[in-house]
Each structure stands twice: as C-alpha cells, then as structure tokens.
Amino acid sequence: EKSTDSSKTQEPAMKKKKKQQKKTKGDPKTGQEEESHTCCGCRFPLLFALLQLALGISVTVLGFLMAGISSSLLVRDTPYWAGIIVCVVSFVGFVMLCISYQPDEKTCVQFAVKLMYFLLSALGLVACVLAVAFAAHHYLQMTKFTCDTILESCQCKLDTADPLGRTFVYQDAADCGSLTSMLNLYLLLQMVLNLIAALVCLSACFVMWKHRYQVFYVGVRFYPLTATEGQQQKV
C-alpha cells in the first residue's frame with residue numbers, strides 16, 4: 001500500500017516537471033535568444049559572406065582585365081587589391097559558420113574569428129572607398145583628355161594649348177578611341193561594384209557591433225527566472 005501511495009504522489013510531480021520543461025521550451029523569449037544569431041533562417045555571416053565573395057571576385061576580375069588593357073596603368077587604377085581583401089573577408093565569414101555558436105563568446109576561437117571578421121570588414125570598407133575615389137578621379141580626368149596615337153601608344157593631355165602640361169601615356173594601345181571607351185566603362189563598373197562592396201562591409205560591421213553590444217548598450221544580462229527555475233529543478 002505504501003508503494004502504491006508513493007507512486008501516486010510521484011506521478012503528479014513528474015507531470016509538473018514535464019509541464020515546466022514544455023513551458024521553458026515553448027517560451028518565446030528563450031526561442032528569440034536562441035535565434036538571435038540567425039538572419040532569415042540562416043546563421044549571421046552567411047548572407048554577407050556570399051555577397052562579399054561575389055563582389056570581391058567581380059572587382060578582382062575586372063581589375064585584372066583593366067591591367068591587361070595597358071601595361072602603364074598604375075596599381076591604384078586597377079583595384080584588384082580591394083577585391084582580394086573583400087574575398088578574404090568572405091572566407092573568414094565562412095569559417096565563422098563552421099564554428100558552433102555559443103552565446104557571449106564563451107570560446108576563444110569564436111571570439112578571435114568574430115574579431116578578425118570585424119577588423120577585416122573595416123579594412124575592406126576602407127579599401128573599397130579608396131578604390132572608388134581613385135576610379136572617380138581617373139574617370140573625371142579621362143572625360144577631359146585629348147588623345148593621339150603615337151608609336152603604338154596612346155598619349156593624352158588635359159590641355160593641348162599648354163606645352164608644359166602633363167602627358168598621360170598608355171602603352172600597348174593602338175587605338176585611342178577603343179582604349180578610352182573601354183577604360184571609361186571599366187572605371188564606372190569599378191565605382192559601382194566597390195561602392196556596393198563598401199556598403200556591404202559597413203553593414204557587416206554594424207551588425208557585428210549591434211549583435212555584440214545589443215543596440216550599442218553594454219551591460220550585464222540577467223536571467224533571474226530561468227536561473228531560479230534551474231536551481232529548483234536541480235534540488
């Protein structure tokens with residue numbers, strides 16, 4: 001009789017524990033905390049890493065194409081370096097996806113990769129802004145050029161009336177008309193692609209900062225209810 005009574009008293013206690021566990025699992029607050037590091041059902045850096053990879057490859061390929069037009073083009077005028085930096089940033093984002101998520105950066109590896117991704121995104125932002133500035137300056141100069149083909153090279157001047165004016169020489173260019181039209185097109189594409197890549201890197205830095213500091217507020221997160229319930233269950 002005593003055993004039957006004890007089993008009857010244990011059954012409602014077990015049911016209460018199961019109900020409490022279901023409530024904690026079905027709590028929307030806990031679900032939001034678990035899914036706070038996701039975006040559109042995907043983990044955070046996936047969308048940004050894909051965009052950065054596509055833009056980085058496009059900028060790099062376009063930069064090497066520009067370098068193939070004329071051997072006298074400067075490195076600043078062929079910003080493949082900006083595309084390579086953005087590609088490296090995207091690879092770090094993919095590495096972050098392979099690390100298991102832990103809240104509040106409880107692992108050193110996760111913290112190091114997130115910090116590296118943030119710093120490289122900031123570096124990619126600066127590189128893309130510089131590439132846009134160089135391309136815009138070169139494009140404005142080419143709109144004012146007066147070019148002539150001399151000995152398989154295209155020589156351009158800003159002011160033909162000034163004998164001491166600077167002459168821009170583009171080697172390996174037999175046709176100045178095709179050279180200037182192709183360079184103008186490539187420079188416009190570089191400005192657009194690098195501007196989009198800069199905005200993506202800026203948004204990645206912003207989301208990383210917001211995710212880490214919870215809307216620019218630094219403070220301790222308290223869990224009084226969940227902590228007390230867990231202690232009661234352990235007891």
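From Leu193, atom CG reaches atom CG of Leu62 across 6.5 Å, with rounding to the nearest 0.5 Å. Distance check: Leu125 CG to Asn194 CG gives 11.0 Å after rounding to the nearest 0.5 Å. The structure places NE2 of His138 at 10.0 Å from OG1 of Thr143, a figure rounded to the nearest 0.5 Å. Atom-to-atom distance recorded for Phe145:CZ and Thr167:OG1 is 9.5 Å, nearest 0.5 angstrom. Atom SG in Cys87 sits 9.0 Å away from atom CG in Leu55 (nearest 0.5 Å). Separation of atoms CZ (Phe168) and CE (Met142) is listed at 10.5 Å; rounding is to 0.5 Å.
In terms of heavy-atom proximity, Thr149 sits nearest to Cys176 at OG1-SG, 3.2 Å. When every heavy atom of Gln190 is checked against every heavy atom of Gly63, the shortest pair comes out as NE2-N, 3.3 Å.
Linking ILVMFWY side-chain heavy atoms closer than 4.5 Å, directly or via other members, places Val129 and Val88 in two distinct hydrophobic clusters. Clustering ILVMFWY residues whenever any of their side-chain heavy atoms sit less than 4.5 angstrom apart, transitively, puts Leu202 in a cluster other than the one holding Val126. Under a hydrophobic clustering in which Ile, Leu, Val, Met, Phe, Trp and Tyr are joined whenever their side-chain heavy atoms come within less than 4.5 Å, directly or via other members, Leu185 and Val192 fall into the same cluster. Val86 and Leu50 fall into different hydrophobic clusters, where Ile, Leu, Val, Met, Phe, Trp and Tyr are joined by side-chain heavy atoms under 4.5 Å apart, directly or via other members. Under the 4.5 Å side-chain heavy-atom criterion for grouping Ile, Leu, Val, Met, Phe, Trp and Tyr, Leu47 is not connected to Leu199 through any hydrophobic cluster.
At a threshold of 4.5 Å between non-hydrogen side-chain atoms, the residues Tyr170 and Ser153 do not count as touching. In this structure, the side chains of Thr78 and Phe64 stay at 4.5 Å or more apart for every pair of heavy atoms. Taking the side chain as every heavy atom from C-beta outward, Val61 and Tyr80 never approach each other to under 4.5 Å. Within the 4.5 Å cutoff, no side-chain heavy atoms of Leu195 are placed close to those of Cys128. No side-chain heavy atom of Met66 sits less than 4.5 Å from a side-chain heavy atom of Met182. The shortest distance between side-chain heavy atoms of Val92 and Val113 falls below 4.5 Å. A heavy-atom distance below 4.5 Å is not found between the side chains of Phe91 and Tyr117. The closest side-chain heavy-atom distance from Phe94 to Leu53 is below 4.5 Å.
Distance alone, capped at 3.5 Å, places no donor-acceptor pair between the Asp77 side chain and the Leu73 backbone. Judged by distance alone, with hydrogens and angles left aside, the side-chain atoms of Trp81 form a donor-acceptor pair with the main-chain N or O of Val75 at under 3.5 Å. Listed for the Ser72 side chain is a donor-acceptor partner under 3.5 Å among the backbone atoms of Gln171. A donor-acceptor pair under 3.5 Å is absent between the side-chain atoms of Ser121 and the main chain of Cys201, judged by distance alone.
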- [ ] Take Val169 and Gln155, measure what side chain to side chain contact (heavy atoms under 4.5 Å, CB included) needs, and give me the verdict at the end.
- [x] CA-CA 4 Å; Val169 180; Gln155 298 184 6; 4.0 Å; yes

Task: Full working for side chain to side chain contact (heavy atoms under 4.5 Å, CB included) between Leu179 and Leu183 - done: CA-CA 6 Å; Leu179 173 71; Leu183 272 181; 4.1 Å; yes

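At least 2.5 Å separates the SG atom of Cys154 from that of Cys147.
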